[in-house]
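Quick notes on the structure that follows.
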Amino acid sequence: MNAVLPVFGIIVMGLLLRRFQWLTEDADRSLLSININVLMPCLVLDAALGNAALSRASNLLLAPLVGFGTVAGGMLVANGCARWFGLREPRSRHTFAVTVGIYNYSYIPLPLAMLLFPGTSTVGVLFLHNVGVEIAMWTLGVMLLGRNQAGGLGKKSWWRFINAPLVAIVLALALNWTGANRFAPVAVLTGIHWLGQCAIPMALLLIGAVVADFLPEFTSQRSFPVIGGACLLRLGLLPLGFLLLARWLPATQELKHVMILEAAMPAAVFPVIMARQYGGDPATALRVVLGTSLVGLLTIPLWIRAGLSLVGL
């Protein structure tokens, strides 16, 4: 709980900042751009440069594959179960599947990884895992949502998973492989570290602001079956499958740490924005995100403890 509460506390602070208009919608675009293109790549480099865990072939291959496979499996299960929760319209059903399938893979597990597993090894493997999640999100997720959008998908959608954090991962792997990371000036590494430490707090504040924007769409009679179904799948059935995979998969300890953290995660916030962009149902996405996040405040510590015990860590 001590690891989880600060994360949700900063999200609530972002919500309040939006309510007081201290963090305005006009500022969102520039702050998000800074976070994705500057701060997050610095956090990646800070965690990945010189990280011995990233030199293991099993992590390089298996971590992205686990990220892609777990998101794809989650979407498949959620799409098949959506009708049970009153979502018969394809637009709402596909949005439910994408939002339940894409767990929070970065902004909540990152600080938890730093707090629960000190050092850079687990954090570095988490970034490799997230490459697979991003690919699944920008291919399968966009395909599923885009089926409801007139005119189909633009070609640029397929390339959105090539972003600054991914470039930073490739750069760090190249520097580690050649040994060039040992010649990086201390002043540069210090600056990268400072900027990287800003990434998570700023991202959590922006998440809170986005939640505040969509909050009026949250309350309706349709909310309860959708929220109940999302919690049942995202915080009940899917975590169990994730942990069984972590137990039996021949993965490194760092990747098992990542899988335990991700098993406990609620739905990611970004599908709310994706639903608006690609013809989905933002209200359904918001219900899934807020419902699983609120219940996740209680279930995250329980799943992490259960996962460490089940996997034998």
Minimum heavy-atom distance between [X] and [Y], given as atom pair plus value:
X: P201; Y: I10; value: O-CG2, 3.9 Å
X: P41; Y: A164; value: CG-CB, 3.6 Å
X: I102; Y: M75; value: CG1-CE, 3.6 Å
X: L233; Y: A78; value: CD1-CA, 4.0 Å
X: F96; Y: G229; value: CZ-C, 4.1 Å
X: N79; Y: H94; value: OD1-CD2, 3.6 Å

- request: Determine, step by step, whether V288 and V226 satisfy the side chain to side chain contact (heavy atoms under 4.5 Å, CB included) criterion, reporting the C-alpha distance in whole Å, the side-chain angles of both residues, the deciding distance to 0.1 Å, and the verdict.
  value: CA-CA 7 Å; V288 172; V226 173; 4.0 Å; yes
What is the distance from atom [atom1] of [X] to atom [atom2] of [Y], rounded to the nearest 0.5 Å?
X: S33; Y: D28; atom1: OG; atom2: CG; result: 12.0 Å
X: L15; Y: F20; atom1: CG; atom2: CZ; result: 10.0 Å
X: L173; Y: L60; atom1: CG; atom2: CG; result: 6.0 Å
X: L237; Y: C231; atom1: CG; atom2: SG; result: 13.0 Å
X: I135; Y: L140; atom1: CD1; atom2: CG; result: 10.0 Å
X: L110; Y: L204; atom1: CG; atom2: CG; result: 9.5 Å

Does the side chain of [Y] come within less than 4.5 Å of [X]'s, by heavy atoms?
X: L297; Y: L5; result: yes
X: V77; Y: C81; result: yes
X: L31; Y: L206; result: yes
X: P109; Y: N104; result: yes
X: F8; Y: I108; result: yes
X: L116; Y: L261; result: yes
X: F68; Y: T139; result: yes
X: L205; Y: I11; result: no

Grouping I, L, V, M, F, W and Y whenever their side-chain heavy atoms are under 4.5 Å apart, do [X] and [Y] come out in a common cluster?
X: V295; Y: L286; answer: no
X: L245; Y: L61; answer: no
X: W84; Y: L87; answer: yes
X: I169; Y: V258; answer: yes
X: L76; Y: V98; answer: no

field: Inter- and intrachain pairs under salt bridge (charged side-chain N to carboxylate O under 4.0 Å, His left out), touching residues 41-64, at least two apart
entry: R56-E254
Can you check whether [Y]'s main-chain N or O pairs, donor with acceptor, with [X]'s side chain at less than 3.5 Å?
X: T70; Y: G67; result: yes
X: T292; Y: V289; result: yes
X: R247; Y: L310; result: yes
X: N35; Y: L39; result: no
X: R93; Y: R83; result: no
X: K256; Y: L243; result: no
X: R234; Y: P266; result: no
X: T99; Y: T95; result: yes

Carboxylate-amine/guanidinium proximity below 4.0 Å for D281 and R287: no
Enumerate donor-acceptor pairs with a distance under 3.5 Å from any side-chain N or O in residues 122-133 to protein atoms, sequence neighbours excluded.
residue: T122; atom: OG1; partner: H257; partner atom: ND1; Å: 3.2
residue: H129; atom: NE2; partner: Y103; partner atom: OH; Å: 3.2
residue: N130; atom: ND2; partner: Y105; partner atom: O; Å: 2.9
residue: N130; atom: ND2; partner: L126; partner atom: O; Å: 3.4

query: Quick check: are there more than 12 heavy atoms from other residues, nucleotides or ligands sitting under 6.0 Å from CE of M13?
result: no
Can you list, pair by pair, the side-chain donor-acceptor contacts under 3.5 Å of residues 299-308, counting residues two or more places apart and other chains?
residue: W303; atom: NE1; partner: L235; partner atom: O; Å: 2.7

Co-members of L49 in a cluster of I, L, V, M, F, W and Y side chains, linked at under 4.5 Å: L45, L171, L175, V188, L189, I192
message: Taking side-chain hydrogen bond (donor to acceptor under 3.5 Å, both in side chains) as the definition, give me every residue that meets it alongside N181, ordered by chain and number, with sequence neighbours left out.
response: none
query: Can you name the side-chain hydrogen bond (donor to acceptor under 3.5 Å, both in side chains) partners of S58, sequence neighbours left out?
result: none
